[in-house]
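For reference, the structure is listed below as structure tokens.
Convention: sequence-line order gives letters A, B, ...; per-chain numbering from 1. Please read all numbers here as calculations on a predicted model, not as lab measurements.
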Amino acid sequence: MRIATFNINGIKARLPRLLEWLEETRPDIACLQEIKTQDEGFPAAEFERLGYGAIWHGQKGFNGVAILARDAQPVESGRGLAGDPEDVHSRYLEADVHGVRVASIYLPNGNPVPGPKFDYKLSWMKRLRARAAELAMLELPVVLAGDYNVIPHDHDIWSTKALLDDALRQPESIAAYRTLLADGWTDALATHYPQGRVWTYWDYQAGAWQQDHGFRIDHLLLSPVAADRLVACGVDKAHRGREKASDHAPTWIELSD
DNA sequence: ATGTCGTGACCTTCACGA
């Protein structure tokens, strides 16, 4: 079973690319982030045509997450994270699909540092950790997939000197991410590529793609039962190089049946 | 130092978020 995560940076602008990717790679589950549309604007019929059921949590202009399932309808098990009634961002959606509990996560960017946006990022990560602890109690395999906006290690960015002041590389962000790993979650790509230097994001600016100045922020965290079934993982890098591409590349895992 | 996108709004151009 293939489970992918893809920050598409606007589902309206990206729809042809997204449908093309689905047809070419046929993931069993696709977690989408930054759909950047209200619920009414979600093109569910387009996915249905390709055999995908979907659930989505939209928001006007920004954020927004979705879960697609091939030949199935995801059964929603969570929408938003508990712990902050003031939080109106659409960043978390969770469902049961094909015997797996899966979450589509769009973790706050957190820039600039310091400031309220960075505080929000860190508190959001605490709330995610609390939800993850609940999910760890399930018998089902669990996959927490999404754009974490955290660069976990120096070898997860093209230059160790880049983005040092950025929220994506702050010690507090990295520590919160490592806390999840310490709780028993497995970073799939880190396990399979221990030497690092596998990118999932290349900025639109400054010729980052052309120079391969990327970094890794799209992660799939696996519960122990899911990690036991991990057989392969990777990044659909070629899709980042196409016309009108997202600034992220699809990132995926393969679980044994 | 700069570089680019996508979205939305009294909208042919800017502000914002990333």
Side-chain angles (χ1 to χ4, degrees), chain A residues 5-21 31-43 46 56-66 80 84 86-93 104-125 128 145-152 156-159 161-170 172-174 176-177 199-219 235-251:
Chain A
T5 180
F6 191 5
N7 180 321
I8 55 173
N9 188 21
I11 203 163
K12 292 171 193 160
R14 206 71 57 217
L15 192 58
R17 283 286 95 95
L18 176 58
L19 296 173
E20 174 184 273
W21 169 74
C31 296
L32 307 179
Q33 300 86 35
E34 284 206 89
I35 63 173
K36 292 187 175 180
T37 181
Q38 289 172 297
D39 285 340
E40 308 87 88
F42 189 83
E46 302 281 350
W56 56 95
H57 188 197
Q59 183 181 336
K60 193 175 188 173
F62 306 104
N63 307 321
V65 286
D84 181 3
E86 312 263 284
D87 183 5
V88 294
H89 288 190
S90 298
R91 297 181 174 275
Y92 184 89
L93 190 61
S104 182
I105 289 167
Y106 180 46
L107 207 143
N109 173 294
N111 281 303
V113 180
K117 291 186 176 179
F118 189 57
D119 296 341
Y120 172 59
K121 176 178 195 154
L122 296 179
S123 70
W124 204 93
M125 292 184 84
L128 174 63
D147 175 0
Y148 280 72
N149 271 315
V150 174
I151 298 167
D156 291 317
I157 185 162
W158 63 278
S159 163
K161 297 186 186 101
L163 269 59
L164 281 173
D165 297 328
D166 196 281
L168 278 61
R169 280 192 84 188
Q170 288 310 292
E172 296 97 321
S173 310
I174 293 166
Y177 185 78
W199 320 142
T200 68
Y201 173 93
W202 294 258
D203 203 286
Y204 287 128
Q205 297 189 68
W209 168 250
Q210 288 75 9
Q211 298 168 86
D212 201 29
H213 289 177
F215 43 87
R216 189 173 73 96
I217 51 176
D218 299 277
H219 308 306
V235 178
D236 293 329
K237 184 174 175 178
H239 287 257
R240 175 61 182 85
R242 297 191 180 182
E243 284 295 308
K244 296 273 288 175
S246 170
D247 40 6
H248 295 249
T251 306

Taking [M] as the reference, what is the distance to [N] when you measure between their [atom1] atoms (whole Å, please)?
| N | M | atom1 | value |
| --- | --- | --- | --- |
| B:dC14 | B:dG3 | P | 15 Å |
| B:dC5 | B:dC10 | C1' | 24 Å |
| B:dG6 | B:dT2 | P | 22 Å |
| B:dT12 | B:dG17 | P | 22 Å |
| B:dC16 | B:dC11 | C1' | 16 Å |

query = Looking for any heavy atom pair under 4.0 Å, which part of the strands does A:Tyr106 touch: base, sugar-phosphate only, or nothing?
reply =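 The answer is sugar-phosphate, as A:Tyr106 gets under 4.0 Å only of primed atoms, P, OP1 or OP2.
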
inquiry  = Generate the contact string for nucleotides 3-11 of chain B. Rules: B means base contact, S means sugar-phosphate contact only, - means no protein heavy atom under 4.0 Å.
reply    = BBSSSSS--

task = Send over the distance from A:Asn63 CG to B:dG17 C1', rounded to a whole Å.
result =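 Computing the A:Asn63:CG to B:dG17:C1' distance gives 9 Å.
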
ask   = Starting at CG of A:Asp165 and ending at P of B:dA18, how long is that distance when rounded to a whole Å?
value =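 Computing the A:Asp165:CG to B:dA18:P distance gives 18 Å.
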
inquiry  = Does either side chain, that of A:Asp147 or that of A:Tyr201, offer a donor lying less than 3.5 Å from an acceptor on the other one?
reply    =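 No, A:Tyr201 and A:Asp147 have no side-chain donor paired with an acceptor closer than 3.5 Å.
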
Could you tell me which residues satisfy side-chain hydrogen bond (donor to acceptor under 3.5 Å, both in side chains) with [X], sequence neighbours excluded, listed by chain and number?
| X | value |
| --- | --- |
| A:Asn9 | A:Lys36, A:Tyr204 |
| A:Arg169 | A:Asp154 |
| A:His248 | A:Asn7, A:Asp218 |

A:Phe6 and A:Trp21 aromatic centres sub-6.0 Å =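 For A:Phe6 and A:Trp21, the ring centres are under 6.0 Å apart.
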
Pairs: protein N or O with nucleotides 13-15 of chain B N or O, under 3.5 Å:
none

ask   = With sequence neighbours left out, which residue pairs that include part of residues 6-19 of chain A fulfil the salt bridge (charged side-chain N to carboxylate O under 4.0 Å, His left out) condition?
value =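 For residues 6-19 of chain A, and leaving out neighbouring residues, the salt bridge (charged side-chain N to carboxylate O under 4.0 Å, His left out) pairs sorted by first residue read A:Arg17-A:Glu20.
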
Contacts of [X] that satisfy ring pair (Phe, Tyr, Trp, His ring centres under 6.0 Å) - sequence neighbours left out:
| X | result |
| --- | --- |
| A:Tyr92 | none |
| A:Phe42 | A:Phe47, A:Trp56 |
| A:His219 | A:Tyr148, A:Tyr177 |

